[in-house]
Every structure is written in structure tokens, then in C-alpha cells.
Amino acid sequence: DGDFPICNAEKGYADVLLTFMEPNAGLIASLCAGDSPNSIPSKAALTWTDGTREEFHGKSAHSSEPNEGNNAILRLAGALAGRGHTFNFVRFLNDFASDEDLCPALRIDDGSDYIGRDRVGRTTACPTVLSAVGGEVRLNLNIRQKFGVDREDILTAVNGYCAQYGFTAHMLPGYLPGTMVSTATEPLRIMKEVYEEYGYKAEFVASAGTSYAKAMPNFVSWGPVFRTDPNCFHSENERLSLNTLIVASK
């Protein structure tokens with residue numbers, strides 16, 4: 001459920017649903033993008049009430065690494081803004097989207113990927129699911145917050161823009177805090193030695209995703225994917241090579 005070498009820090013997980021009130025929602029017959037809150041959608045579809053249908057295409061990726069993908073929701077928002085459409089969700093997405101990641105502009109935290117001397121990863125936020133229901137547009141923001149940032153930090157930041165962009169926000173079930181295990185613990189020292197016995201350079205790294213290591217205290221994510229393997233988490237044709245599986249098992 002993760003990567004080699006030793007991921008002693010993991011970012012947290014949060015899905016925040018933004019519900020936009022849209023005065024011009026009557027122009028939209030249907031709006032659909034994304035089928036998973038933790039994946040960047042590769043396709044977005046919009047049908048206008050006059051029957052015209054448009055599709056916008058990108059590249060799917062794990063939502064913990066938004067810069068690895070090409071978010072079809074952002075492509076849709078960019079195209080609509082270019083034509084002068086003033087939907088609230090379009091304004092929000094275009095004002096905050098930066099290299100597929102909305103977090104720097106949202107200012108959920110200080111933007112650093114460190115706490116003191118410990119690298120814990122940089123908080124990211126990206127849109128993953130978009131739909132139109134009645135006179136509302138619903139947008140899921142998938143947020144991977146670094147260790148030390150909690151749910152109140154996230155909601156305070158997002159709620160600061162409610163009035164300006166005409167939305168309400170609430171956090172969906174499934175919130176997980178970030179975790180960190182000290183590199184000085186004995187099990188991690190042993191894992192480091194074993195990894196190096198197989199000819200790899202051991203390091204302690206921060207994981208962008210979230211794994212089952214969060215299920216118990218003092219657990220870390222360790223493999224099975226090596227850095228030389230293709231990164232295809234939660235994308236089409238997700239896979240693992242047989243050689244990687246064998247070496248990781250050893």
C-alpha cells in the first residue's frame with residue numbers, strides 16, 4: 001500500500017464537499033466528472049439544456065500527487081471561464097488552481113513540507129468529483145494534509161471563501177490525521193539495515209498517500225513499490241511487476 005524506502009511520516013486524508021448555489025444552474029442539464037474521491041478524473045462531461053454535450057479529457061492519477069495527473073475538472077473550468085461563463089464553481093476553481101493543486105492559494109497551512117527538522121510532506125488539495133443536482137453544483141475537494149494540520153485548520157481555511165464564491169462546506173466521513181514515527185525507534189533501524197542488505201540506499205521519507213499504517217500506533221508504510229517502478233497508483237492499468245513482488249516479499 002505504499003513505496004520503498006521507509007515512509008515514517010504519512011499525510012492525513014480529508015474530503016471536503018463544497019455545495020455551490022448557482023443562479024445560472026438552469027443552463028446545465030447534467031454535469032459529471034470523477035467516480036472516486038481519491039483519484040484525479042481523466043474525463044469531465046457537461047450537457048447544456050439546449051442538448052449540446054461537451055467532454056474534457058485529462059490524465060488520471062492518485063489524488064495525493066495531483067501534479068502527476070491532468071485534472072479534467074480543471075480543464076472544464078478553464079474552458080468555461082475562457083468563454084465568459086460566471087458560474088461560482090468555475091470562478092473558484094480558476095482562482096485557486098495552480099499546477100493542478102489548489103492548496104497554495106487556499107492557504108490551509110504555511111506551505112512548508114517540514115515540521116522543525118522532520119520532513120512530513122506538503123499539504124495538497126485537488127478537485128476529484130463534480131456533479132450538478134437541482135440548482136446546486138457539488139464539488140469534492142480531496143485534501144492530503146501534512147502531520148500537524150487538523151480538520152479545524154482545513155475547515156477554517158475553506159470556510160473563509162464561502163461568501164465570496166457562494167458555497168457551503170462540510171467535511172465528509174473518512175477523515176484521517178497525519179502520522180509520524182520517530183526514525184530513532186528500533187524496528188525502523190532494523191528495517192533500514194535489511195533494506196540496505198539488498199543493495200538499496202535506505203532513507204526515511206514522507207508518504208504523499210495514506211496507508212493501513214494508520215490502523216495502529218507506531219506503524220509505518222514500507223513498500224512494496226520501488227522507486228524504479230512506474231507510478232500508476234489509482235490510474236488505468238494499475239499494476240505491479242512480478243520481480244518487484246518477489247524482491248519485496250524477500
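For Ile190, the CD1 atom sits in a packed shell: over 12 heavy atoms of surrounding residues, nucleotides or ligands are nearer than 6.0 Å. Counting non-hydrogen atoms of other residues, nucleotides and ligands closer than 6.0 Å to CG of Asp35 gives a total of 12 or fewer.
Closest non-hydrogen pair, Val225 versus Thr244, comes out as CA-CG2, 4.4 Å. Between Glu68 and Ala61, the closest heavy-atom pair is C-CB, 3.9 Å. When all heavy atoms of Asn24 and Phe87 are compared, the closest pair comes out as O-CE2, 3.4 Å. Ala33 and Ile73 get closest at one heavy-atom pair: CB-CG1, 3.6 Å. Shown here for Tyr195 and Pro5, the closest heavy-atom pair between the two residues is CE2-CB, 3.8 Å. Between Ala72 and Gly58, the closest heavy-atom pair is CB-N, 4.1 Å.
Note on ring orientation: taking the six-membered ring where Trp is involved, the planes of Phe226 and Tyr200 are parallel (angle under 30°, cut-offs 30° and 60°). The aromatic rings of Phe96 and Tyr161 sit perpendicular to each other, their planes meeting at more than 60°, with 30° as the lower class boundary.
The closest side-chain heavy-atom distance from Glu196 to Val194 is not below 4.5 Å. With a 4.5 Å cut-off on side-chain heavy atoms, Arg75 and His57 do not count as touching. Side-chain contact between Leu139 and Leu93 is present, with at least one heavy-atom pair separated by less than 4.5 Å. Looking at Phe147 and Asp118, their side chains never come closer than 4.5 Å, going by heavy atoms from C-beta outward. Ile143 is not listed as a side-chain neighbour of Leu106, based on a closest heavy-atom distance of 4.5 Å or more.
Within the structure, every pair that satisfies the side chain to side chain donor-acceptor pair (under 3.5 Å) test and touches residues 76-86, not counting sequence neighbours, is listed here: Glu54-Arg83. Pairs passing the salt bridge (charged side-chain N to carboxylate O under 4.0 Å, His left out) check and including a residue from residues 13-27, sequence neighbours excluded, do not occur. Applying the side chain to side chain donor-acceptor pair (under 3.5 Å) definition to pairs two or more places apart or across chains, those involving residues 181-191 are Glu186-Arg189, Arg189-Glu193.
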Starting from the C-alpha separation in whole Å, work towards a yes-or-no answer on side chain to side chain contact (heavy atoms under 4.5 Å, CB included) for Asn70 and Glu100.
CA-CA 7 Å; Asn70 186 344; Glu100 310 295 323; 4.2 Å; yes
Would Cys7 and Val205 count as a side chain to side chain contact (heavy atoms under 4.5 Å, CB included) if you check the C-alpha gap in whole Å, the side-chain angles of each, and the deciding distance to 0.1 Å?
CA-CA 5 Å; Cys7 299; Val205 298; 3.7 Å; yes
Give the C-alpha distance, both sets of side-chain angles, the deciding distance and a yes or no for side chain to side chain contact (heavy atoms under 4.5 Å, CB included) between Val220 and Phe204.
CA-CA 10 Å; Val220 300; Phe204 295 103; over 6 Å; no
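A cation-pi arrangement is present between Arg151 and Tyr175 under the rule of less than 6.0 angstrom and at most 45 degrees off the ring axis.
Listed for the Arg122 side chain is no donor-acceptor partner under 3.5 Å among the backbone atoms of Pro104. The backbone N or O of Asn67 sits nowhere less than 3.5 Å from a side-chain atom of Asp101 that would complete a donor-acceptor pair.
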Kindly list each side-chain donor-acceptor pair under 3.5 angstrom involving residues 126-133, sequence neighbours excluded, with atom names and distances?
residue: Thr128; atom: OG1; partner: Pro37; partner atom: O; Å: 3.0
residue: Thr128; atom: OG1; partner: Asn140; partner atom: ND2; Å: 3.0

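Checked against Pro224 for a side chain to side chain contact (heavy atoms under 4.5 Å, CB included), the options Leu240, Leu245, Val247 give a single hit: Leu240. Each of Asp113, Asp110, Asp153 was checked for a salt bridge (Lys or Arg N to Asp or Glu O under 4.0 Å) with Lys146, and the lone residue meeting it is Asp110.
Using a cutoff of 4.0 Å between basic side-chain nitrogens and carboxylate oxygens, Glu203 and Arg119 are not scored as salt-bridged. The residues Glu136 and Arg138 are annotated as salt-bridged, a charged nitrogen and a carboxylate oxygen being separated by less than 4.0 angstrom.
For the atom pair Leu74 CG and Asn94 CG, the distance stands at 8.0 Å (nearest 0.5 Å). Taking CD1 of Ile108 as the start and CG of Leu155 as the end, the distance is 9.5 Å to the nearest 0.5 Å. In this structure, CD1 in Ile28 is found 7.5 Å from CG in Leu80, a value given to the nearest 0.5 Å. Taken to the nearest 0.5 Å, the CG atom of Asn159 stands 11.5 Å off from the CD1 atom of Ile154. To the nearest 0.5 Å, atoms CG (Asn71) and NZ (Lys59) are separated by 13.0 Å. In this structure, the separation between CZ on Arg239 and CG on Asp229 is 9.5 Å, given to the nearest 0.5 Å.
Less than 6.0 angstrom separates the ring centroid of Phe167 from the ring centroid of Phe92.
Under a hydrophobic-cluster definition in which Ile, Leu, Val, Met, Phe, Trp and Tyr are linked whenever side-chain heavy atoms come within less than 4.5 Å, directly or via other members, Ile6 and Tyr198 are assigned to the same cluster. Placement of Ile115 and Met180 within a single hydrophobic cluster is found when ILVMFWY residues are connected by side-chain heavy-atom separations under 4.5 Å, directly or transitively. Put simply, Leu46 and Leu27 are part of the same group of oily side chains (I, L, V, M, F, W, Y) that touch within less than 4.5 Å, one to the next. Hydrophobic clustering (side-chain heavy atoms under 4.5 Å, transitive across Ile, Leu, Val, Met, Phe, Trp, Tyr) keeps Leu17 apart from Val90. In terms of hydrophobic clustering, with Ile, Leu, Val, Met, Phe, Trp and Tyr side chains grouped at heavy-atom distances under 4.5 Å, Ile40 and Phe56 are assigned to different clusters.
Partners of Ser36 according to the side chain to side chain contact (heavy atoms under 4.5 Å, CB included) rule, which considers only residues two or more places apart in sequence or in another chain, are Asn38, Ser39. Contacts of Thr210 classified as side chain to side chain contact (heavy atoms under 4.5 Å, CB included), with partners at least two apart in sequence or in another chain: Glu10, Tyr13, Arg144, Leu176, Lys214.
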